[in-house]
Q: 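Take a look at this one; I'll ask things after.
Nothing here was measured: the structure is a model prediction, and the numbers come from that model. Hydrogens, waters and symmetry mates play no part in the numbers below; they use all other heavy atoms, side chains included. For this chain, numbers begin at 1 and follow the sequence in order.
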Amino acid sequence: MKSIISFVIRYVPRPLLQRVSPFVMQVFAKLNSGKAVTCPVCGQSYKTFLPYGRIARANALCPNCLSLERHRLMWLFLKEETNFFTAPLRVLHVAPEHCFIERFEALTNLDYITADIESPLAKVKMDVHDIPFPENSFDVVFCNHVLEHVEDDLKACTEFNRVLKPDGWGIIQSPVYPIEKTLEDKTITEPAERERIFGQRDHVRKFGKDYAKRLRKSGLQIEENLFVKEISPELVTQNALPSEEVIFVCRKGN
């Protein structure tokens, strides 16, 4: 199972995966019934979550809503630490995750806009380097696991800062590796070499421990939030959360 999932993630185009995955997962959901783990996003329980990733992680993917560990943590953070589910908010969600779209669209307090340059799930076709909205347009911006793919991550963050309202905030997650400084080399264009150096065939950089410091160069204020450390170990296990994940919360800067 792990080797099959790893192969599919590496070589099947992302837009196709986004379209067919929900249907394939229905089979696995029925085969995996149980009560050992629970997804806080959709409320479904299983004997285990499915493996996921290029180097497949066990107990990662909810077969019902397709949430991963980081999505389940973000859901809990939004519920416990923000007014996302109650306040009237205009939200820009870049590269929207399948597990969130319908649930966020159903929230009557939100003016919810999804955008991406290629995802079939997004309603607005958009390049993050040139966001087609005026200044101070959004209360909230989400952009998760995108900046490692784009040509200029700081230009994208400058755009997020521009379209956020003065009291706006957001969450900007990326894979962060245990290296001191972000690794970037624009001369590396061969997919196999990018995978070797940056961890994935379509990654153009490998973020290090300087991630927050780097993004602050865009003008955004970045908070490194350790919300997961405030959650009981029992809930971390029950929801299969990433126990060391930092949530990078951004706010509009100067």
Q: Hey, is NZ on Lys35 packed in by over 12 heavy atoms from elsewhere, all under 6.0 Å?
A: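 Atom NZ in Lys35 is not crowded, with 12 or fewer foreign heavy atoms closer than 6.0 Å.
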Q: Taking the six-membered ring of Tyr112 as reference, does the NZ or CZ atom of Arg103 fall below 6.0 Å from its centre and within a 45° cone about the axis?
A: no
Q: Work out which heavy atom in Phe207 is nearest to a heavy atom in Pro175; give both atom names and the distance.
A: CB-O, 3.5 Å
Q: Are any of the side-chain nitrogens in Arg201 or Glu195 under 4.0 Å away from the carboxylate oxygens of its partner?
A: yes
Q: Going through the checks in order, is the ring-ring contact (aromatic ring centres under 6.0 Å, His included) test met by Phe133 and Phe138?
A: CA-CA 9 Å; Phe133 295 97; Phe138 296 98; 5.1 Å; yes
Q: For Lys165, give me all partners under salt bridge (Lys or Arg N to Asp or Glu O under 4.0 Å), at least two apart in sequence or on another chain.
A: Asp139
Q: For Ser67, run the side chain to side chain contact (heavy atoms under 4.5 Å, CB included) check against Pro40, Cys42, Cys99 and tell me which one passes.
A: Cys99
Q: Leu241 and Arg72: which non-hydrogen atoms are nearest, and at how many Å?
A: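 Smallest heavy-atom distance, with atoms named: CD2-CB, 3.7 Å.
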Q: Between the side chains of Thr182 and Tyr211, does any donor sit under 3.5 Å from an acceptor?
A: no
Q: Between Lys206 and Phe198, is NZ or CZ placed under 6.0 angstrom from the six-membered ring centre and within 45° of the ring axis?
A: no
Q: Would you say the rings of Phe84 and Phe142 are close, in the sense that their centroids are separated by under 6.0 Å?
A: yes
Q: Which heavy atom of Leu121 sits nearest a heavy atom of Thr114, and at what distance?
A: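 For Leu121 versus Thr114, the nearest heavy atoms are O-OG1, 4.0 Å.
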Q: Taking atom CD as the centre, does Glu81 end up with more than 12 heavy-atom neighbours from other residues, nucleotides or ligands that are less than 6.0 angstrom away?
A: yes
Q: Heavy atoms only: give me the nearest Ser243-Val228 pair and the separation to one decimal.
A: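 What the structure gives for the nearest pair is O-CG1, 3.5 Å.
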Q: Can you give me the closest heavy-atom contact between Arg205 and Leu147, atom names plus distance?
A: NH1-O, 2.7 Å
Q: How are the rings of Phe104 and His93 set to each other: parallel, tilted or perpendicular (split at 30° and 60°)?
A: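 Answer is tilted, since the angle falls between 30° and 60°.
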Q: Specify the closest pair of heavy atoms between Asp116 and Ser119, including all atoms of both residues, with the distance to one decimal.
A: OD2-N, 2.7 Å
Q: What pairs with Lys155 under side-chain hydrogen bond (donor to acceptor under 3.5 Å, both in side chains), at least two apart in sequence or on another chain?
A: none
Q: Is any side-chain N of the basic residue among Arg70 and Glu245 closer than 4.0 Å to the acidic one's carboxylate O?
A: no
